[in-house]
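Here is the naming used below: chain letters follow the sequence lines, and residue numbers restart at 1 for every chain.
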Amino acid sequence: MATTASTDAVPGFRGTYFGRIKNAIISIMEGMSVTLGYLLQRPITIQYPDRTPKPVKDTLPERYRGILELDMKTCTACLACERACPIGCIKIEVVKDKETKKRYITRFDIDIAKCMYCGLCVDPCPGGAIRHTNEFEGSTSDVQYLVRRFVPPGERIEPAKPKKKEKEEAGAEGS
Amino acid sequence: MTEFITEEMTLNMGPQHPSTHGVLRFQLTSDGEVIHSVKPDVGYLHRSIEKIAEKVTYHGFMPYTDRVDYVAAMNSNFAWALTVEKLGGYQVPERAEYLRVIAAELNRISSHLIMLGVMAMDIGAVTPFPYFLRERETINDLLEELCGARLTYNYIRIGGVSSDLPDGFRDRALRFLDHFEPIIDEFNRLITYNEIFVNRLANIVIIPREQAIAWALVGPNLRASGVKWDLRKDEPYSIYPQVEFDIPVGKGEVGTVGDCFDRFIVRVDEMRESSKIIRQCLDKMPEGEIQSKLPRQLKPPKGEVYVRSESARGEMGYYLVSNGGLNPERVKIRTGSFSAMAIMEEVSKGIMIADMVALISSLDVIAPEIDR
Amino acid sequence: MERLADYIVYNLPFLQQIPRVIVDLIIMLFFATCMLLFWVALFAGITSWVERRVAGRIQSRIGPNRVGPQGFLQWIADGLKCFLKEDFVPAAADKKLFLLAPYIVFAGMFAVFVVVPFGDGLIISNLNIGIFYVLAISSLVVVGILMSGWSSNNKWSLLGGMRSAAQIVSYEIPVSLAILPVILLTGSLGMQDIIRAQGPYPWQWFAFHNPFTFIAFFIFFIGALAEGNRTPFDIPEAESELVAGYNTEYSGMRFVFFFFAEWANLYIIAALTVTLFLGGWNTPAHLYTNLFGLLHRSVDVAGTFVFILKSLFLVFVIIWIRWTLPRLRVDQMMDVCWKYFVPFSFANIVGTIIWMVLADAAPVLGYVRYILFVVGLMVPLAIAMKITRNFRLAKSEIHLNPFI
């Protein structure tokens, strides 16, 4: 296949012959003075991780959404966070002991590898048990270590008793 | 001039090409440096976000809207919130509206910073890019204080926002704007009016007014062609009617209206306007609630709605069908980058490979926004 | 060089039994290796570190600062890394040409060092056609680049190679034409003669000799940038358009050779500009060497020092330009060459001839050089003023410490 080469006048030029030389000299000098100015200024690089004045973790704002953390002592096993999570990275299993009629959490896993740090699970938590930390370094040698297990396998933990008002709310959600 | 016959060659630009901004592929047919035809090949970044919407709740889809356009995630959040609120008739407290606009305009600035820096880099000047990333870093810090994340904010909630301004945010934001406005002038001196840069962009790929409208260009790309159309003014939403700002349009300052330079300079001017909006919002912001009382599990009534809003890349529309259940029945996202891809084939005949690079970055396409 | 060979052969009698040609060859190879190891490699390596540090600071970054003190050994680490990499040849490449190309590029660059002066008497070979030799031998680089672009069997590489060939061939013309006024004024092609024809003081340099050489200086410098594929003429390796241009497919040591050549070329551009237009190794002390004959050697050392200092300053300017300016488009690059540089260069030659005739008639024209020197001083002054204004407008703070 062969076509003819385009020989149209190439766009992109303006000004007179000497005007363009003048423009080029002035604008190039302007540009070069800006860059030389920055050469004389302090760089803004933060030398993460080892040469920062204090650890980056401590400089993060209060609201920073880092890796999720769970306080098992205040968790009421209301499952609101599991329901709110859009990807399902939170897995909670609750069993009811037939003899004592008590609920036990047998599994509370948060898969950090799946988590997208959206913060939607933190909002509905009645007791503030699940929350974001300032931790953001999650590198491990194997992806399975990224599943945070808050209930050790084989154990069962009694959930905290919800306060009355929150209990109603939690109940309303289930409907 | 003598016409000479040469063989055409097919060039594969992308999906791993430095100037295609993500995974985007163009099939170029060129005669040496001169391009004869361009075929955009989209879909390398398809993550079926629209399908995911059918499986998650209305609240739960908000983090996914971050990923539609990750450079201007806040605007994308905003559009989704507006859509669901319109369908369900949910009210938003006034303070939340101001917070939304502040966050969205900050994000618009940071998105334009990326675009302008990347465009300068594609033209060959590497230095403006880190300068602009440095400014963007300050915006990221501000937004991080506000909502806890730097890129995928998930700040706007249906019926409000997730958190109020932190202490000292107002001062820090104003200090940033005071610092930032002279930086725009410095940037103009460094690159915008550089003779080489101007010659690379002036009169390159002119999209005239009629063509821009016919091919459904939106946002800054449309305004660069001289069309004064901005949804913030022409179809006002949120509190935009209460703030004063101008809509910069392409004037053909160094070439013809609608060339690559106009698409560049329109965004530079828009950053000034956004900064003006943020200043006004910070002054006018009333006290009050930031989130209206809504049930945890949203069930908007049966029906369908299309809401559009002005994102950093122009009109971002969400078409939503609800069946009255917990999940949307169907969501369709209309994005500016996708329609910009359509015009690519039409306008890129006879340009050079270097102009092609300028065209891609001047249209400010973001690959995830094309494919969703 | 010949004198040195004579001296060695005279002092080592066993060499006299071997044919003189072979002895010359061995001595030359020995000195070439020394040159490569102790100057070119060292310079190219350290320049790569300097460029990255300067670029870093220009961009508000730091640049490499981890390997060795302030990252000074970064270039050795990079070189070692590339040395250990696989020498990869694409399956569809033209293997012989592909393997040969980097050496040709490097040889073309390295051979120029034969006539680059370092001081009074410190030159490998003071050829009487010095500058002509430079123009001739540096054209070899085009062959290598074209070869690499073609043999890679990659369309982007090919485009890069073609761009490069078109660019270097075009810019040879204004560069050679810009050298002609200097040759006219000197009456010699030898590098040392050109330097001796200038004086130690700036207004005695050829750059300020007359308005035509003043323009020729800029044409030569910018044209040399274009020949060395540096920004704003880095079109052959335009990373945002052609990925990496002609060296896209190269890896390991062959890749290093391209960059070796590029950074060595930096010094060549600077050294040639200093030789032709900026007074070379002339120091005020050279005027008085007859008075203090004994101190001749130390004057030489001072001259070398001055020469290298001037060259390094120009290297910095080249780096500074690179990290400021955008890239021209390929047709605009041709435009600049043929519509701006070539006509101006021709005008310069004619102008210089007329000037020489007039200057003989009217010695008062000799004072023009002082005016031109003041004009030349205005450039750094204007930049300094602009920087102060930028600092005032953006409320920036000065921070001169280069060590972070």
Exceeds 12 heavy-atom contacts within 6.0 angstrom, atom CG of B:L326: yes
OG1 of B:T127 to OH of A:Y38, rounded to nearest 0.5 Å, is 11.0 Å
Bottom line for B:T57: the part with an atom under 4.5 Å from chain A's heavy atoms is neither
When the 4.5 angstrom heavy-atom criterion is applied to A:P61 and chain B, the contacting part is side chain
When the 4.5 angstrom heavy-atom criterion is applied to B:P166 and chain A, the contacting part is both
Flag if over 12 foreign heavy atoms under 6.0 Å of CD, A:E135:
yes
TODO: Count the heavy atoms of every other residue, nucleotide or ligand shown that sit under 6.0 Å from NZ of B:K51, and state whether that count exceeds 12.
DONE: no
Most heavy-atom pairs under 4.5 Å with chain A, out of B:D66, B:L190, B:V56, belong to B:L190
Rounded to the nearest 0.5 Å, the CD atom of B:E144 sits from the CD atom of A:E62 at a distance of 12.5 Å
Q) Are the side chain of B:N154 and the backbone N or O of A:C118 linked by a donor-acceptor pair below 3.5 Å? A) yes
dist A:E30:CD -> B:N188:CG (nearest 0.5 Å) comes out at 11.0 Å
When rounded to the nearest 0.5 Å, the distance separating OG of A:S33 from CZ of B:R189 is 7.5 Å
Practice item. Could you tell me whether the side chain of A:R63 and the main chain of B:L146 form a donor-acceptor pair under 3.5 Å? Key: yes
Output for pair (A:K22 NZ, B:E195 CD), nearest 0.5 Å, gives 10.5 Å
Using side-chain heavy atoms (C-beta onward) and a distance below 4.5 Å, is A:M116 in contact with B:Y64? yes
Rounded to the nearest 0.5 Å, the CG atom of B:N194 sits from the CG atom of A:N23 at a distance of 10.0 Å
Requested in this report: Start with the C-alpha gap between A:D123 and B:R157, add the side-chain angles, then the distance that decides, and say whether side-chain contact (heavy atoms from CB on, under 4.5 Å) holds.
Outcome: CA-CA 11 Å; A:D123 289 352; B:R157 295 280 193 273; 2.9 Å; yes
Practice task
Classify the side-chain pair A:R65/B:Y153 by whether it contains a donor and acceptor separated by less than 3.5 Å.
Solution key: no
| query | What do the steps show when you test B:Y193 against A:I26 for side-chain contact (heavy atoms from CB on, under 4.5 Å), and what is the final call? | reply | CA-CA 10 Å; B:Y193 292 106; A:I26 292 175; over 6 Å; no
Applying a strict 4.5 Å limit to non-hydrogen atoms, the region of A:L60 in contact with chain B is side chain
More than 12 heavy atoms of other residues, nucleotides or ligands under 6.0 Å from CG of B:D167: is that the case? no
Passes side-chain hydrogen bond (donor to acceptor under 3.5 Å, both in side chains), A:Y64 versus B:R150? Steps please. CA-CA 9 Å; A:Y64 183 76; B:R150 298 172 75 83; over 6 Å; no
### Message
For the CD atom on A:E137, are there more than 12 heavy atoms of other groups (residues, nucleotides or ligands in this structure) within a distance under 6.0 Å?
### Response
yes
Min side-chain heavy-atom separation B:Y131-A:T35 under 4.5 Å:
yes
If one checks every heavy atom of B:R67 against chain A at 4.5 Å, the contacting part turns out to be side chain
